[in-house]
Amino acid sequence: MARWAIAIHGGAGVDPNLPEHRQEEAKRVLARCLQVGVDLLRSDAAALDVVEAVVRELETDPCFNSGRGSALTRAGTVEMEASIMDGRGRRCGAVSGVSTVKNPVSLARRVMDKSPHSYLAFGGAEDFAREQGLEVVDNSYFITEENVGMLKLAKEANTILFDYRIPLAGADTCSALAAAVESHGSNKMVMNGLPISIYAPETVGCAVVDSNGFTAAATSTGGLMNKMTGRIGDSPLIGAGTYACSHCAVSCTGEGEAIIRSTLARDVAAVMEYKGLPLQEAVDFCVKERLDEGFAGLIAVSGTGEVAYGFNCTGMFRACATEDGFMEVGIWE
């Protein structure tokens with residue numbers, strides 16, 4: 001029997017001044033969702049079932065930007081995306097532009113299992129969800145009062161917010177946001193061209209190896225606050241935001257365009273396969289050598305039960321556990 005392992009994330013690139021209560025809230029959600037996965041693995045659940053279940057939990061909780069609580073487009077609507085991959089046979093499914101499906105990761109799973117395709121988007125994905133009998137809700141279900149306020153701030157600042165729950169405090173917050181944007185040129189901590197004080201993680205993900213040595217990964221996101229309608233990031237792109245094979249399973253987060261350019265998730269598997277690097281070394285190599293000037297992070301598990309993570313920015317919301325009793329929930333280095 002192989003050793004199981006699990007890693008989850010809630011986004012990379014965290015404002016070091018994020019209020020303590022926000023940090024604790026995020027860690028509580030991560031710990032709860034991690035425990036869901038650990039319980040399933042202890043009952044011999046398959047890796048694919050575990051990553052779907054864990055990401056569903058993350059999508060349902062508005063703490064992070066996926067499912068309920070997703071970032072809003074310029075039009076004030078939600079367009080979500082997700083992907084899932086089975087390391088056995090490298091089967092995969094992905095969706096983009098989803099606006100009524102309660103759990104996009106489950107729709108991605110249905111695309112993989114029940115359709116002849118690997119990727120469906122917008123109206124086609126919505127129609128398929130209804131054909132499959134998946135739970136759908138009004139778009140308003142995903143929209144929180146907090147995100148409506150954040151979109152207003154983003155529009156007033158004429159920029160994109162990378163969503164992680166900037167506490168709203170009326171005019172004071174607007175002034176702080178404007179000041180952060182204005183000081184962009186002199187702020188050394190920048191994510192995707194924005195000061196870290198207004199950047200926020202946009203993605204959740206899970207990577208698992210089960211007790212049979214099979215791997216799987218899943219990633220889900222609401223994208224960027226104030227994004228153009230139709231924008232697609234790395235999360236639904238197999239090989240960029242998500243990848244799984246016999247060597248490892250990977251889920252990425254951070255600057256989507258940089259992750260896409262570097263095919264970051266696939267590269268971890270590639271350097272393990274072709275350079276013979278162990279998991280953590282492969283993760284470190286890809287984060288250091290493949291992102292060019294981009295900022296991102298990732299979680300990974302190996303087919304032999306190791307866990308690893310890496311990021312080149314200020315923090316990543318993450319949690320991991322292994323069969324031998326190791327368990328960690330963290331944000332910073």
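Nothing fancy with the numbering, it's 1 onward along the sequence.
Ile260 and Met228 fall into different hydrophobic clusters, where Ile, Leu, Val, Met, Phe, Trp and Tyr are joined by side-chain heavy atoms under 4.5 Å apart, directly or via other members. Under a hydrophobic-cluster definition in which Ile, Leu, Val, Met, Phe, Trp and Tyr are linked whenever side-chain heavy atoms come within less than 4.5 Å, directly or via other members, Phe128 and Phe122 are assigned to different clusters. A continuous path of hydrophobic side-chain contacts links Leu72 to Val98 [ILVMFWY only; heavy atoms under 4.5 Å]. Hydrophobic cluster membership differs between Leu120 and Ile232, with clusters built from Ile, Leu, Val, Met, Phe, Trp and Tyr side chains linked at under 4.5 angstrom. The hydrophobic cluster containing Val14 also contains Leu58, counting ILVMFWY residues as joined when their side-chain heavy atoms lie under 4.5 angstrom apart, directly or transitively.
Scanning both residues, Gly222 and Ser70, for their nearest heavy atoms gives CA-OG, 3.5 Å. Contact record, Thr253 with Gly11: OG1-CA, 3.1 Å, taken as the closest heavy-atom pair. The two residues Ser96 and Glu81 make their nearest non-hydrogen contact at OG-OE1, 3.5 Å. The nearest pair of heavy atoms linking Cys33 to Val54 is O-CG2, 3.8 Å. Closest approach of Ala71 and Met225 over heavy atoms only: CB-N, 3.5 Å. When all heavy atoms are compared, the tightest approach of Thr322 to Gly305 is CG2-O, 4.0 Å.
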So Thr60 and Asn103, side chain to side chain contact (heavy atoms under 4.5 Å, CB included) or not? Walk me through it.
-> CA-CA 7 Å; Thr60 302; Asn103 291 108; 3.6 Å; yes

Evaluate side chain to side chain contact (heavy atoms under 4.5 Å, CB included) for Thr203 paired with His9, printing each intermediate quantity in order.
-> CA-CA 8 Å; Thr203 305; His9 72 75; 3.6 Å; yes

Show your reasoning for whether side chain to side chain contact (heavy atoms under 4.5 Å, CB included) applies to Asp210 and Leu41.
-> CA-CA 6 Å; Asp210 62 28; Leu41 287 164; 4.1 Å; yes

Going through the checks in order, is the side chain to side chain contact (heavy atoms under 4.5 Å, CB included) test met by Leu40 and Val36?
-> CA-CA 6 Å; Leu40 286 169; Val36 169; 4.3 Å; yes

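Partners of Ser99 according to the side chain to side chain donor-acceptor pair (under 3.5 Å) rule, which considers only residues two or more places apart in sequence or in another chain, are Glu126. Asp61 is linked by a side-chain contact (heavy atoms from CB on, under 4.5 Å) to Val29, Arg32, Cys63, counting only residues two or more places apart in sequence or in another chain. With sequence neighbours excluded, no residue forms a salt bridge (charged side-chain N to carboxylate O under 4.0 Å, His left out) with Glu20. Residues passing the side chain to side chain donor-acceptor pair (under 3.5 Å) test with Arg42, sequence neighbours excluded: none. Not a single side chain to side chain donor-acceptor pair (under 3.5 Å) links Glu323 to another residue, sequence neighbours left out. By the side-chain contact (heavy atoms from CB on, under 4.5 Å) test, Ala31 pairs with Val329, sequence neighbours left out. For Glu273, there are no side chain to side chain donor-acceptor pair (under 3.5 Å) partners two or more places apart in sequence or in a different chain.
Put simply, NZ on Lys275 and CD on Glu281 are 10.0 Å apart, with the number rounded to the nearest 0.5 Å. Trp332 contributes atom CH2, which lies 6.5 Å from atom CZ of Phe317 (distance to the nearest 0.5 angstrom). Rounding to the nearest 0.5 Å gives a distance of 11.0 Å between CZ of Arg28 and CG of Leu30. Interatomic distance, Met316 CE to Ile331 CD1, rounded to the nearest 0.5 Å: 11.5 Å. Here OG1 of Thr144 is found 9.5 Å from CG of Asn65. Values are rounded to the nearest 0.5 Å. A distance of 7.0 Å separates CD1 of Ile143 from OG1 of Thr77, quoted to the nearest 0.5 Å.
The existence of a salt bridge linking Arg22 and Glu146 is confirmed by a sub-4.0 Å separation between a basic side-chain nitrogen and an acidic carboxylate oxygen.
Checking side-chain atoms of Asn147 against main-chain N and O of Gly69 turns up a donor-acceptor pair under 3.5 Å. In this structure, Glu79 contributes its side chain and Gly230 its backbone to a donor-acceptor pair below 3.5 Å. With Thr215 contributing its side chain and Cys245 its backbone, the two residues share a donor-acceptor pair below 3.5 Å.
Counting side-chain heavy-atom gaps under 4.5 Å among Ile, Leu, Val, Met, Phe, Trp and Tyr, the cluster of Val271 also holds Leu277, Phe285. Other residues sharing a hydrophobic cluster with Tyr243 under the 4.5 Å side-chain heavy-atom criterion for ILVMFWY residues are Met85, Ile238. With a 4.5 Å cut-off between side-chain heavy atoms of Ile, Leu, Val, Met, Phe, Trp and Tyr, the cluster of Val307 takes in Val209, Val301, Phe326.
For Ser66 and Glu59, the side-chain atoms include no donor-acceptor pair closer than 3.5 Å. For the residue pair Arg56 and Ser106, a side-chain donor N or O sits within less than 3.5 Å of a side-chain acceptor on the partner.
Glu255 is not listed as a side-chain neighbour of Ile259, based on a closest heavy-atom distance of 4.5 Å or more. Within the 4.5 Å cutoff, no side-chain heavy atoms of Val204 are placed close to those of Ile8. A 4.5 Å side-chain heavy-atom check between Asn226 and Thr73 finds every atom pair outside the cut-off. Between Lys227 and Arg74 there is no side-chain heavy-atom pair separated by less than 4.5 Å. By the 4.5 Å heavy-atom criterion applied to side chains, Thr242 and Val250 are not counted as neighbours. Side-chain contact check for His247 versus Ser302: every heavy-atom pair is 4.5 Å or farther apart. In this structure, Val50 and Trp4 have side chains that are not in contact, with every pair of non-hydrogen atoms separated by 4.5 Å or more.
A cation-pi contact links Arg318 to Tyr309, judged by a cut-off of 6.0 Å to the six-membered ring centre and 45° from its axis.
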Under 3.5 Å donor-acceptor pairs involving side-chain atoms of residues 288-299, not counting sequence neighbours:
residue: Arg290; atom: NE; partner: Asp267; partner atom: OD2; Å: 2.5

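Checked options Ser83, Ser251, Ser235; the residue passing with Thr219 is Ser251 (criterion: side-chain hydrogen bond (donor to acceptor under 3.5 Å, both in side chains)).
Applying the salt bridge (charged side-chain N to carboxylate O under 4.0 Å, His left out) test to residues at least two apart or on different chains, the pairs with a partner in residues 87-110 are Asp49-Arg109, Glu52-Arg109, Asp86-Arg91, Arg91-Asp113, Lys102-Glu135, Arg109-Asp113.
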